[in-house]
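Let me begin by presenting the structure, written as structure tokens, before commenting on it.
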Amino acid sequence: MELAANQYVCPDGYGVERFLDEAARAGFRQVALTRAALAEMTPARLRRAVEARGLSVTTLNSAGYFTWADPERRRAQEVENRALVAAAAELGVEALCVITGGCAEQPDVATARALISDGLAELDAIAAAQGVRLGLEPIHPTDVALKGCVNTIAQARTLIGPLAATGLIVDLFHSWWDPDLIAVAEDPSVHVFQICNVTEDTRRSPTLDNGVLDVGWVVEQVRQAGFTGPIEFEIFAADHGRADIAPILEAAAAWAE
């Protein structure tokens, strides 16, 4: 099994080139990048840094956030989303990850979801014009207020149905409970699967073989169902609290062997 390494594993200030070096050293051939990388380098320079290490980019994280109440904040987000589409085009990513935004700043979840539908359609048109694929990520229902109010795989599939450039990113952390988790792997609209394990108190586990999920079984079932795209190892720095990520990347690479 081949995994991509997601940059979210890095604590603040880690440096994208250090991350790229350690991912390549651990045996990864693909990486997922975050907005932190773009804060350090222009997209063109970042592409050269990735290619110099023999790597390619699976996802860029994250655009979207369509539910801000403040008009100025929404306009600023639209500018940022356009910049992320342009960066994704430069980097040649598999998909630009889209996180919808939650419902906390809107009168109700229905209003928030209407904003998401409109905003995603606009972003889809922008992405299609630049040859970029978007990956809408369903978010666990416990994060409906602040992070995302498209929560089930079925909801997400309905939302992307009429769109030209938007598919799905399925994150095991958010969708491990979803009855469509395995079946959706047959759908060619799924661009990327993201994997981690989950602890009993529903945090991400720093290792793939330590938690309540049988991650290997899930990956095997997803592959057997027909998914042939990238699989990312995604864990956040807050979940492991370590200053050095090299051992985490090495353990993930060893798990995949």
Side-chain angles (χ1 to χ4, degrees), residues 32-35 38 43 57-141 143-171 174-175 178 180-181 183-194 227 229-230:
L33 298 174
T34 74
R35 286 173 292 182
L38 296 173
V57 183
T58 50
T59 60
L60 179 63
N61 301 268
S62 301
Y65 302 98
F66 304 113
T67 59
W68 299 112
D70 178 64
E72 290 190 12
R73 184 66 186 88
R74 287 175 63 182
R75 283 192 290 272
Q77 185 68 59
E78 290 169 1
V79 170
E80 183 171 1
N81 285 343
R82 287 176 178 270
L84 285 166
V85 170
E90 176 70 35
L91 292 167
V93 304
E94 290 283 339
L96 171 60
C97 183
V98 175
I99 305 296
T100 64
C103 61
E105 296 202 12
Q106 296 301 321
D108 50 55
V109 70
T111 301
R113 286 174 176 158
L115 288 171
I116 289 165
S117 181
D118 292 344
L120 184 61
E122 292 175 8
L123 189 60
D124 178 87
I126 294 166
Q130 297 188 50
V132 171
R133 299 196 304 183
L134 305 179
L136 175 63
E137 183 176 332
I139 299 298
H140 195 284
D143 284 329
V144 67
L146 298 180
K147 190 169 184 179
C149 47
V150 173
N151 309 111
T152 70
I153 290 170
Q155 276 180 304
R157 293 175 83 177
T158 298
L159 193 57
I160 70 171
L163 302 180
T166 306
L168 299 179
I169 292 174
V170 179
D171 184 341
H174 289 292
S175 298
D178 195 304
D180 294 324
L181 174 66
V184 76
E186 300 176 358
D187 189 335
S189 70
V190 180
H191 299 322
V192 177
F193 265 86
Q194 296 173 332
F227 178 72

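Numbering starts at 1 and runs along the sequence shown.
When all heavy atoms of A87 and P43 are compared, the closest pair comes out as CB-CG, 3.8 Å. Closest approach of P138 to I153, counting heavy atoms only: CG-CA, 4.2 Å. When all heavy atoms of D124 and A165 are compared, the pair lying nearest together is OD1-N, 2.7 Å. For the pair A156 and L168, the tightest heavy-atom approach, listed with the atom from each and the gap, is CB-CD2, 3.6 Å. Taking all atoms of both residues into account, the shortest heavy-atom contact from A95 to I169 is CB-CD1, 4.3 Å. Considering all non-hydrogen atoms of both residues, V132 and A88 come closest at CG1-CB, 3.9 Å.
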| task | Output, in order, the C-alpha distance, side-chain angles, deciding distance and verdict of side-chain contact (heavy atoms from CB on, under 4.5 Å) for F227 and V170. | result | CA-CA 11 Å; F227 178 72; V170 179; over 6 Å; no
| said: Determine whether E80 and R35 satisfy the following criterion, salt bridge (charged side-chain N to carboxylate O under 4.0 Å, His left out), listing intermediate values before the conclusion. | reply: CA-CA 10 Å; E80 183 171 1; R35 286 173 292 182; 3.0 Å; yes
| task | Mind running side-chain contact (heavy atoms from CB on, under 4.5 Å) on L96 and L60 for me, showing each step along the way? | result | CA-CA 5 Å; L96 171 60; L60 179 63; 4.0 Å; yes
| request: Using the side-chain contact (heavy atoms from CB on, under 4.5 Å) rule, take L134 and I160 through it: C-alpha gap first, then chi angles, then the decisive distance, then the call. | output: CA-CA 10 Å; L134 305 179; I160 70 171; over 6 Å; no
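Proximity of R75 to E72: side-chain heavy atoms (C-beta onward) are separated by under 4.5 Å at one or more points. Contact check for R113 versus C149: side-chain heavy atoms found under the 4.5 Å cut-off. Taking the side chain as every heavy atom from C-beta outward, K147 and H174 approach each other to under 4.5 Å. Using a 4.5 Å heavy-atom cutoff, the side chains of V93 and L33 are not in contact. Considering only heavy atoms from C-beta on, E105 stays 4.5 Å or farther from T67 through its side chain. Under the 4.5 Å side-chain criterion, counting only non-hydrogen atoms from C-beta, V98 is in contact with L123.
The environment of CZ in R82 is sparse: at most 12 heavy-atom neighbours from other residues, nucleotides or ligands sit within 6.0 Å.
Atom CG of D171 and atom CD1 of I99 lie 8.0 Å apart (nearest 0.5 Å). Note that CG of D143 is 9.0 Å distant from CG of N151, once rounded to the nearest 0.5 Å. Distance check, rounded to the nearest 0.5 Å: OG1 of T166 to NE2 of H191 gives 7.5 Å. To the nearest 0.5 angstrom, N61 atom CG is 6.0 Å from Q194 atom CD. Atoms CG and CD, from D108 and Q106 in turn, are 8.5 Å apart once rounded to the nearest 0.5 Å. Note that the CZ atom of F193 and the CG atom of L181 stand 5.5 Å from one another [nearest 0.5 Å].
In this structure a side-chain-to-backbone donor-acceptor pair under 3.5 Å is present from N81 to G64. Between the side chain of D180 and the backbone N or O of A183, no donor-acceptor pair lies under 3.5 Å.
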Donor-acceptor contacts, no H, no angles, side chain residues 114-122, under 3.5 Å, sequence neighbours left out:
none

